[in-house]
Every structure is written in structure tokens, then in C-alpha cells.
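Right, one structure below, let's go through it.
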There are 2 protein chains.
Amino acid sequence: MNNLRFATALHILTLLSQQPEELLPSEYLAGSINVNAAVVRKEISNLRNHGFIQSKEGKGGGSMLAKPASEILLSDIYQAVRQAAILGRNNAPNPACPVGKQINAHLEDLYSEAEANLIRSLSKKTLADFARQFS
Amino acid sequence: MNNLRFATALHILTLLSQQPEELLPSEYLAGSINVNAAVVRKEISNLRNHGFIQSKEGKGGGSMLAKPASEILLSDIYQAVRQAAILGRNNAPNPACPVGKQINAHLEDLYSEAEANLIRSLSKKTLADFARQFS
DNA sequence: TTGTACTGTAATAAATAATATTACAGTTAT
DNA sequence: ATAACTGTAATATTATTTATTACAGTACAA
């Protein structure tokens, strides 16, 4: 997660939540976020697959929220853009070493637990809570 | 944190905690972890700066824990290798947009809160707790 | 006092990952 | 038809991470 995806996704969703009746084009969203429109469209595609957004093609098209901002948890957004374990990747340790042989299993346990805690804490806020701060 | 540093650091410290009286050379540690010895020495240097490890140069030298494993919290290790916010980086959004102008401040708040929760959860386990699983 | 086995550190290279750019076929409104 | 969009893929660029190499410095031990 040393990347821009969470910030980008949340930015997109915040903008959409402010005009929930409007179809906003990707160029407009990209202009506010200051990234390339193709990047925005790719993230929108992901968020759409997760059911947060619906889009319309063609002239006058764009994207809007597919459900109320109050029903989208920040943990849902996190999980939609999640790519790797929160505490990082593992090595490929030496299986001939007693520690090396077992460490990845124990690291995985630790990572899942830490991530479950993170998700629990993010699930306490909705997109609506986050977006409300901007009005 | 989409990297190997947390896993590497915890692996080093686990090995050291198993032979708390011995000076273990970086080549040996690197062999168990299966990374380059220079990488191990660099991480050791960082962990030493944080007071977890002491090293001895020269023949017969190596590293050992500088304090009991029961006094090293997993959150301390996390903080020693931490490089970026847990939820990722921010964009450089358009300041002409009302959302773009404010979003980074709100993201920072969210990141700090999430990170504080993570640290709290990691602080409940010590290196000794983690290493105990291997015996 | 010399050889051996280490550390500490830096410079560079290589590999991997993330992002930007470009392009264009397909869709819809007018 | 034309214009304004989306969806998606291919490629290029940039950034980040890791590996490699090198070597001066330190300490032990014969």
C-alpha cells in the first residue's frame, strides 16, 4: 500500500458523494485529483466491480455512486484497493533453518491479525462521515 | 510498507533472541533469511540505532540483543522500519478544487488514526511472544 | 605482526512496482 | 454524422526496492 490508490479511490468517491445525482466524467475527476484520466477510469472500473459506483458510457456519461455514501464503509474502500499485506511482504527464507522454515506462517498470522484490527477501525467510519468534513 | 523490511527485521531479532548470549554474524543471519548480508547489516544498523541490538566488530564479532526480548514490543519494531503511512501516499491534488484543496489534511487525520490503532494492537505483543512460537 | 573473520558503509546495478501516456474501438445524446 | 464520453490495452517512464560489489576499519589469535 505504498501507493496512491487509497487516496485516489477515496478522492473519487468523495467527489461523487457531493453530487450524488450527477454523472461526473473521468476528466473532471482527474482534474481535481491531478492524475491521468486513464488512471481514474481504471480505478473507477475497480470500484464499480465492488459495487460502489455505476457508470454510463457515451456523451453525457460519467460515474455516480451506486449506493448512499452512508452505506460505504472506509474499510470497504480499503479492501477494494488493497494489494498487499499491511506490514509488507515476506522473504523466501531458508527452509533448512528452523526459524526460516516456520517464520512465514507466523508472520501471516501476525499480518492477518493486524489487518483485521485495521479493518475494524476503518469500518467505524463511512464515506459520508469522511465527505461531510468538506462541506 | 510494501517491502520486506518488517519481515527481515523481525527475522533477525527472532534469531538473536534464540541465542541471547551469542554474537551472531551477519552472514549467518543472511543465510537463514535468504537475503544479501549487506542488506542484513544495513537493517542491523537501523535496529542498533533504535537500541534493540548491539554489535561487535572484528573476528568473532556479530550482533546480539541489547535488551531482553520481553522488552521489545512488536510496535517498536514496526516503528523502526516504518517508512510511509500505512494507507499509502497522497496525491498532489488541484488546489482550485474545494475537495482537492482540503483532502490531504483529512487523509492525514485518517492515516494517523489508523496507524495509532495499528501500533496499539502491535504493542500487545513482544518479541519474546513472537519468538516463543518457534521453540 | 600477520592472517583471518568479522563490521560498517557507500556506490552502483538490477529488478520490480507504480504511474503516465497514448491510442482507439465502442457507446450514447443531439 | 458529430461530439463527448467510457473501457481497456499497450507501452513508456519514473520511482522504489533489493542485490551486488567493494573496501577500509576492527579485533582476535597464532
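Within every chain, numbering begins at 1; the chains are lettered A, B, ... in the order of the sequence lines, protein sequences first and strands thereafter.
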- Comparing Ala37(A) and Gly58(A) on DNA chain C - which has the more 5′ nearest nucleotide: Ala37(A)

- Message: From the set dT28(C), dT4(C), dT8(D), return the single nucleotide nearest to any side-chain atom of Lys59(A).
- Response: dT28(C)

- Nearest-angstrom distance from the residue atom CD of Glu43(B) to P of dA19(D): 12 Å

- Task: Kindly point out which of dT17(D), dT7(C), dT8(D) is positioned nearest to the side chain of Gln83(B)?
- Result: dT17(D)

- Within this structure, what is the CG-to-C1' distance between Asn46(A) and dT6(D), rounded to whole angstrom? 16 Å

- Item | Between dT28(C) (C1') and Leu23(A) (CG): distance, integer Å | 12 Å

- Task: Please report, rounded to the nearest Å, how far the C1' atom of dT17(D) is from the CG atom of Asn3(A).
- Result: 14 Å

- Measure the spacing between CG of Asn94(B) and CD1 of Ile103(B) and express it to the nearest 0.5 Å. 12.0 Å

- Choose from dA20(C), dT8(D), dG8(C) the nucleotide whose nearest atom is closest to any side-chain atom of Glu57(B). dG8(C)

- Atom-pair distance (CG on Leu24(B); C1' on dT7(C)), nearest Å: 14 Å

- Query: Any side-chain heavy atom of Gln102(B) sitting closer than 4.5 Å to one from Gln133(A)?
  - Reply: no

- Leu47(B) CG - dT7(C) P separation (whole Å): 14 Å

- Query: Under a 4.0 Å N-O cut-off, is there an ion pair linking Arg48(B) with Glu43(B)?
  - Reply: no

- Item | Below 4.0 Å: OP1/OP2 of dT9(C) and any side-chain N or O of Ser45(B) | yes

- Item | Given DNA chain D, 5'-ward residue of the pair Lys42(A) and Gly61(A), judged by closest heavy atom | Gly61(A)

- Minimum-distance nucleotide to Ser55(A) side chain [options: dT21(D), dT19(C), dG7(D)]: dG7(D)

- Message: Side-chain N or O of Asn36(A) versus OP1/OP2 of dT19(C): is the shortest distance under 4.0 Å?
- Response: no

- Task: Salt-bridge test for Glu115(B) and Arg120(B): reply yes if a basic N is under 4.0 Å from a carboxylate O, no otherwise.
- Result: no

- Considering just the side-chain nitrogens and oxygens of Ser26(A), establish if one lies under 4.0 Å of OP1 or OP2 belonging to dT6(D). yes

- Over how many whole Å does the gap from Asn90(A) atom CG to dT17(D) atom P extend? 16 Å

- Note on the structure: Judged by nearest nucleotide, the residue sitting upstream toward the 5' end of DNA chain C, Lys56(A) or Ala38(A), is Ala38(A)

- For Ser63(A) and dT6(D), is the shortest distance between a side-chain N/O and OP1 or OP2 below 4.0 Å? no

- Going by heavy atoms in the side chains, are His11(B) and Pro93(A) under 4.5 Å from each other? yes

- Message: If you compare every side-chain N and O of Arg89(B) against the phosphate oxygens of dA15(D) (OP1, OP2), does one of them come in below 4.0 Å?
- Response: no

- Could you state the CD-P distance from Glu27(A) to dA20(C), rounded to the nearest angstrom? 14 Å

- Nearest to the side chain of Arg41(A), which nucleotide is it out of dT6(D), dT4(C), dT9(C)? dT6(D)

- CD1 on Ile12(B) to CD1 on Ile53(B), rounded to 0.5 Å: 6.0 Å

